[in-house]
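Treat the numbers as computed from the prediction; the structure is a model and nothing was measured. Scope of the values below: all heavy atoms of this structure, side chains included, with no hydrogens, waters or symmetry mates. Letters A, B, ... mirror the listed sequences (proteins, then strands); counts begin at 1.
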Amino acid sequence: MIIAKNFFSIINLKTLIYFCKIFFMKNDNIRVRFAPSPTGPLHIGGVRTALYNYLFAKQHNGTFILRIEDTDRTRFVPGAQEYIIESLRWCGIIPDEGVSAGGDFGPYIQSERKDIYTQYAQQLLDSGNAYYAFDTADELEQMREALLKDKHETFQYDAAHRLSMKNSLTMTAEEVEQWLKSDKPYVIRFKMPANEQLTINDMIRGEVHVNTATLDDKVLFKSDGMPTYHLANIVDDHLMKISHVIRGEEWLPSMPLHVMLYKAFGWESSMPEFAHLPLLLKPDGNGKLSKRDGDRLGFPVFPLRWPLDVNKEEIASGYRESCYYPEAFINMLALLGWNPGSEQEIFSMQELINTFSMERVGKSGSKFDPEKAKWFNKQYLLKQPDAEICKEAIPYLHGKENLYDTKTLEKICGLIKERLHFVKEIWEQVHFFFEAPTTYDEKAVHKRWKEGTSSTMNNLIEVIKNIEPYNINECDTTINAWITSNELNLGTVFNSLRLCLVGELKGPHIFDIMDIIGKEETIRRIETAAKIINY
RNA sequence: GCUGCAUUCGUCUAGUGGUCCAGGACAUCAGAUUCUCAGUCUGAGGAUCGAGGGUUCGAAUCCCUCAUGCAGUACCA
């Protein structure tokens, strides 16, 4: 008995500590970053990467950091950084730390960290893991061509070739010093080991094997005085104490380089874990989703709209402007490449945070399915109260919303919401509540308007005139009774009537329409139709 | 070319050696809902698990080979 009691108290204590760690305490060990470059708008693949980073961080009570990687000043696009921040905000992916959020590890914009990189590049130079290279672009090109011509080999600046190039390994110390003192350009390259077998772990793919012989001496520092992505990335991740690097699969080939850099710096023990996310593919054909695919195939690739050219003539549409709910957008994106292992498909952000796991992220790229995206939005639209849909719909009512009071507008929304994927589409479904038809669908007229229909409709007007009080129930009983007593065909009458009121054979229940547009308008529309569609 | 990664219904995916002649969702089609369209409900079709070899009593699941696709191969990220 006592033993059992002790046993349980130990278990409980352990569980309690674990519980506290997971749910209450800020876990300082888990720090992830989303690090886009401000070269244009963030596309949905980028948003998904940000989302997975965010979910992972939140689940472990860790920190989600936003860092801007702008080491290539030539590709800088004004407004892109603001766009990224605003997109994430719209999605509900809010950074805990970084650009716009602040923090103790700043600055979070790489161009503002230039001095830091210089210092670390020097460290690599001093330890013999890097060297100066002086070859011009032309010389490199010549080397490439010569090698291809003579030996059918593709040139790589690597262990096999570096000693026949112009660099601090082949030049005397004086020559190097002289060059560095002059204004002549130079770069700093990483000295990749000649032949080392690497086994690296990826959280999604497991072990990845590479031999350093296949890798080249990547430029770490450019002649313009800025580091390349590779250097900046490693230095920043180390300094910012990043625990997990979660990024797109396009980075997988440079993972060995990054690991080698950690080793060269002597940071191997605190190296982050890597997770390379599969790519998002275009819906038709193969290849990764690109910025022009969306509007070519009729769906947005960007969270927010963005002008594709400087003249703002070609504008790429955005999810926000297409009336997607950010929650639906996030839900759809989360399921593209990850699955919960259950059959649940609708997840709130909190549910995603609770359920997400890297182990359940797939390995192969996913084709984006615009149809499924629409379906997700519909699920969220249907969850909205009618009043909310109504509020969202008003901008799409072409200024005609004043025709009805709020309560009626809400009723209209409730009546038609099930046939909507987006609030934006509402006019198509409600226009006849606001405007009398001016034309009548030809096919429908041909099918539903026979000889004598006009007179039947005129008789119906008399019936409607006498309905009092004028409401759905009264309309229903009176008109049905009239049809029965005159031995008319129900379908014929209703379809003709619908043609008068709507102009085509569509829309909600006929009595709902009659009720909302009112007695006078109903009568007026029947009169007009009976005159215009004359047989 | 080289290097790496991937490969289950049209699409997203479940599946970790027997319960899988492969389950769900989107899309498609049919029936029902006796005014229409839409929706909803019910149902159907749809995957020789990329191909071929092994291992095993037994493989979508493990191993090998090939094919295909994708990514990277920049002083871009």
Measure from CZ on A/Phe376 to C1' on B/A27 and round the result to the nearest Å. 14 Å
Under 4.0 angstrom between A/Lys222 side-chain N/O and B/C76 OP1 or OP2: yes
Give one of base, sugar-phosphate or nothing for A/Arg360, where a contact means two heavy atoms less than 4.0 Å apart. sugar-phosphate
N/O (side chain, A/Ser342) to phosphate O (OP1/OP2, B/A14) under 4.0 Å: no
Closest to the A/Asn495 side chain, choosing from B/A25, B/C35, B/G10: B/C35
A/Arg296 with A/Asp284: basic N within carboxylate O range, under 4.0 Å: yes
Classify the ring geometry of A/Phe356 against A/Tyr52: parallel below 30°, tilted from 30° to 60°, perpendicular beyond 60°. tilted
Let me know the distance between CD of A/Glu343 and P of B/G23, rounded to the nearest Å. 11 Å
Under 4.0 Å between a side-chain N or O of A/Arg189 and OP1 or OP2 of B/C75? yes
How do A/Arg448 and A/Thr39 order along RNA chain B: which one's closest nucleotide is nearer the 5' end? A/Arg448
Any strand: nucleotide that pairs with B/U3 via Watson-Crick or wobble, under 3.5 Å: B/A71
Atom CG of A/Leu382 and atom C1' of B/U40 are separated, to the nearest Å, by 11 Å
Measure from CG on A/Asn339 to P on B/U8 and round the result to the nearest Å. 14 Å
Show which side-chain atoms of residues 256-263 of chain A pair as donor or acceptor with protein atoms under 3.5 Å away, not counting sequence neighbours.
residue: A/His258; atom: ND1; partner: A/Arg247; partner atom: NH2; Å: 2.9
residue: A/His258; atom: NE2; partner: A/His230; partner atom: ND1; Å: 2.9
residue: A/Lys263; atom: NZ; partner: A/Glu196; partner atom: OE2; Å: 3.4

Would you please confirm or rule out a distance under 4.0 Å between OP1 or OP2 of B/A77 and any side-chain N or O of A/Thr71? yes
Between A/Lys367 and A/Tyr229, which is nearer to the 5' end of RNA chain B once each is assigned its nearest nucleotide? A/Lys367
d(CH2, A/Trp251; P, B/A77) in whole Å: 7 Å
Is there a side-chain contact between A/Lys288 and the phosphate of B/G72, meaning an N or O under 4.0 Å from OP1 or OP2? yes
When you check the gap from the basic side-chain N to the acidic O, do A/Lys372 and A/Glu345 get nearer than 4.0 Å? yes
Check: A/Arg205 side chain, B/C5 base, donor-acceptor under 3.5 Å: no
